Participant: 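Dumping the structure here so I can ask a few things about it.
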Amino acid sequence: MLQPKRVKYRKVQRGRRKGKATAGNSVDHGDYGLKAMGTCWLTARQIESGRVTITRHLRRGGKVWVRVFPDRSVSKKPAETRMGGGKASVDHWVAVVKPGKILFEVAGAERSQILEAMRLASHKLPIPTKIVPRDRLAALAGSG
């Protein structure tokens, strides 16, 4: 599962999840992308589950890009533990996802196959998503 090799600080504060995604909000690598329409903390297990679903459906055909990385630690106290005693140890890793963020990208397979793979992967995620094609005009304008 995905997690950072090293982090500057082991435990992070919760922060706020407001606003829209400003980075990673366009399909850059593949032909189609799976776009987040809501806000959430996407766990490493959920990301891996979506990735496995897409690659299995494409049967090793096509290329998959995972555009999110779980770089934020979440701490959790054991069950039936009294309050206090400091912050708990790191339990799992999450990626902060805001509306508009592209989660997965796929290229190199038939359109119908890609759309079905993305649909199946969207069922593994805790937020509503949308399948978006690559905007060829924006890609050409950005490179020029």
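We number each residue from 1, following the sequence as shown. Side chains are part of it too, since the values below use all heavy atoms of this structure and drop only hydrogens, waters and symmetry mates. Just so it is clear, the model here is predicted, and its values are computed rather than measured.
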Participant: Once salt bridge (charged side-chain N to carboxylate O under 4.0 Å, His left out) is applied, do any residues pair with Arg17, and if so which ones, sequence neighbours excluded?
Facilitator: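 Partners of Arg17 under the salt bridge (charged side-chain N to carboxylate O under 4.0 Å, His left out) test: none.
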
Participant: Restricting to pairs with a member in residues 83-98, which pass salt bridge (charged side-chain N to carboxylate O under 4.0 Å, His left out), not counting sequence neighbours?
Facilitator: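 Residue pairs with at least one partner in residues 83-98: there are none.
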
Participant: Hey, could you give me each pair passing salt bridge (charged side-chain N to carboxylate O under 4.0 Å, His left out) that has a residue in residues 113-122? Not counting sequence neighbours.
Facilitator: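 Sorted pair list: Glu116-Arg119.
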
Participant: Can you name the closest pair of heavy atoms from Gly108 and Asp31 and give their distance?
Facilitator: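 Scanning both residues completely, I find the closest heavy atoms to be N-OD2, 3.9 Å.
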
Participant: Is it the case that over 12 heavy atoms from other parts of the model lie below 6.0 angstrom from the CZ atom of Arg72?
Facilitator: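 More than 12 heavy atoms, drawn from other residues, nucleotides or ligands, come within 6.0 Å of this atom.
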
Participant: Which pairs count as salt bridge (charged side-chain N to carboxylate O under 4.0 Å, His left out) when at least one residue sits in residues 73-85, sequence neighbours excluded?
Facilitator: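 Listed by first then second residue: nothing to list.
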
Participant: Are any non-hydrogen side-chain atoms of Leu42 and Val94 less than 4.5 angstrom apart?
Facilitator: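 No, side chains not in contact.
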
Participant: I need the minimum non-hydrogen distance between Gly100 and Ala21, along with the two atoms involved.
Facilitator: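 Heavy atoms of Gly100 and Ala21 come nearest at C-CB, 4.0 Å.
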
Participant: Can you see which heavy atom on Val132 is nearest to which on Ile102, and at what distance?
Facilitator: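 That would be CG2-CD1, 3.9 Å.
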
Participant: Compare all side-chain heavy atoms of Pro4 with those of Phe69 and state whether any distance is below 4.5 angstrom.
Facilitator: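 Contact flag for Pro4/Phe69 side chains = yes.
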
Participant: Any sub-3.5 Å donor-acceptor pair from Lys11's side-chain atoms to Ala88's backbone N or O?
Facilitator: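 Yes, because the side chain of Lys11 sits within donor-acceptor range (under 3.5 Å) of the backbone of Ala88.
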
Participant: Can you tell if the side chain of Lys101 reaches within under 4.5 Å of the side chain of Val68, non-hydrogen atoms only?
Facilitator: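 Side-chain contact under 4.5 Å: yes.
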
Participant: Output all residues satisfying side chain to side chain contact (heavy atoms under 4.5 Å, CB included) with Arg56, sequence neighbours left out; order by chain, then residue number.
Facilitator: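 Per chain and number, Arg56 pairs via side chain to side chain contact (heavy atoms under 4.5 Å, CB included) with Val52.
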
Participant: Heavy atoms only: give me the nearest Ile127-Ala36 pair and the separation to one decimal.
Facilitator: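 Taking Ile127 first and Ala36 second, the nearest heavy atoms are CD1-CB, 3.5 Å.
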
Participant: Suppose we screen for side chain to side chain donor-acceptor pair (under 3.5 Å). Which residues come up paired with Glu48, at least two apart in sequence or across chains?
Facilitator: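 Side chain to side chain donor-acceptor pair (under 3.5 Å) check on Glu48 returns Arg51.
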
Participant: Between Pro99 and Gly19, which heavy-atom pair has the shortest distance, and what is it?
Facilitator: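 Looking at all heavy atoms of both residues, the shortest contact is CD-O, 3.5 Å.
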
Participant: Give a yes or no answer on whether the side chain of Thr53 reaches the backbone of Ser49 with a donor-acceptor pair at less than 3.5 Å.
Facilitator: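 Yes.
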
Participant: Would you say Arg10 and Ser73 make side-chain contact, with heavy atoms under 4.5 Å?
Facilitator: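 In short, these two side chains do not touch, never coming nearer than 4.5 Å.
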
Participant: Is there a side-chain contact between Val106 and Leu34 in this structure, where contact means two heavy atoms from C-beta onward sitting under 4.5 Å apart?
Facilitator: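 With C-beta onward as the side chain, the pair stays apart.
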
Participant: Treating Ile, Leu, Val, Met, Phe, Trp and Tyr as nodes and any side-chain heavy-atom pair under 4.5 angstrom as an edge, say whether Leu125 and Leu115 lie in one connected cluster.
Facilitator: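 As far as the 4.5 Å side-chain criterion goes, Leu115 and Leu125 are connected within one cluster.
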
Participant: Nearest heavy-atom pair of Ile54 and Met118: which atoms, and what distance?
Facilitator: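 So the minimum-distance heavy-atom pair works out to CD1-SD, 4.2 Å.
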
Participant: List the residues meeting side chain to side chain donor-acceptor pair (under 3.5 Å) with Thr55, not counting sequence neighbours, and say none if there are none.
Facilitator: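 Checked Thr55 against side chain to side chain donor-acceptor pair (under 3.5 Å); zero matches.
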
Participant: Applying ring-ring contact (aromatic ring centres under 6.0 Å, His included) as the test, list every pair that has at least one member in residues 97-132; sequence neighbours left out.
Facilitator: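 As it turns out, there is no ring-ring contact (aromatic ring centres under 6.0 Å, His included) pair with a partner in residues 97-132 once direct neighbours are skipped.
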
Participant: Return each pair, listed once, that meets ring-ring contact (aromatic ring centres under 6.0 Å, His included) where at least one residue sits in residues 4-31; pairs must be two or more places apart or across chains.
Facilitator: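 Qualifying pairs, neighbours excluded: His29-Trp65.
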
Participant: So, using side chain to side chain donor-acceptor pair (under 3.5 Å) as the criterion, who are the partners of Arg111 when residues are at least two apart?
Facilitator: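 Scan of Arg111 (side chain to side chain donor-acceptor pair (under 3.5 Å), adjacent residues dropped) gives Tyr32.
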
Participant: List the residues meeting salt bridge (charged side-chain N to carboxylate O under 4.0 Å, His left out) with Arg67, not counting sequence neighbours, and say none if there are none.
Facilitator: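 Partners of Arg67 under the salt bridge (charged side-chain N to carboxylate O under 4.0 Å, His left out) test: Asp28, Glu105.
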
Participant: For Val90, which fellow cluster members are found when Ile, Leu, Val, Met, Phe, Trp and Tyr are connected by side-chain heavy-atom distances below 4.5 angstrom, either directly or through intermediates?
Facilitator: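 Other cluster members: Val7, Trp93.
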
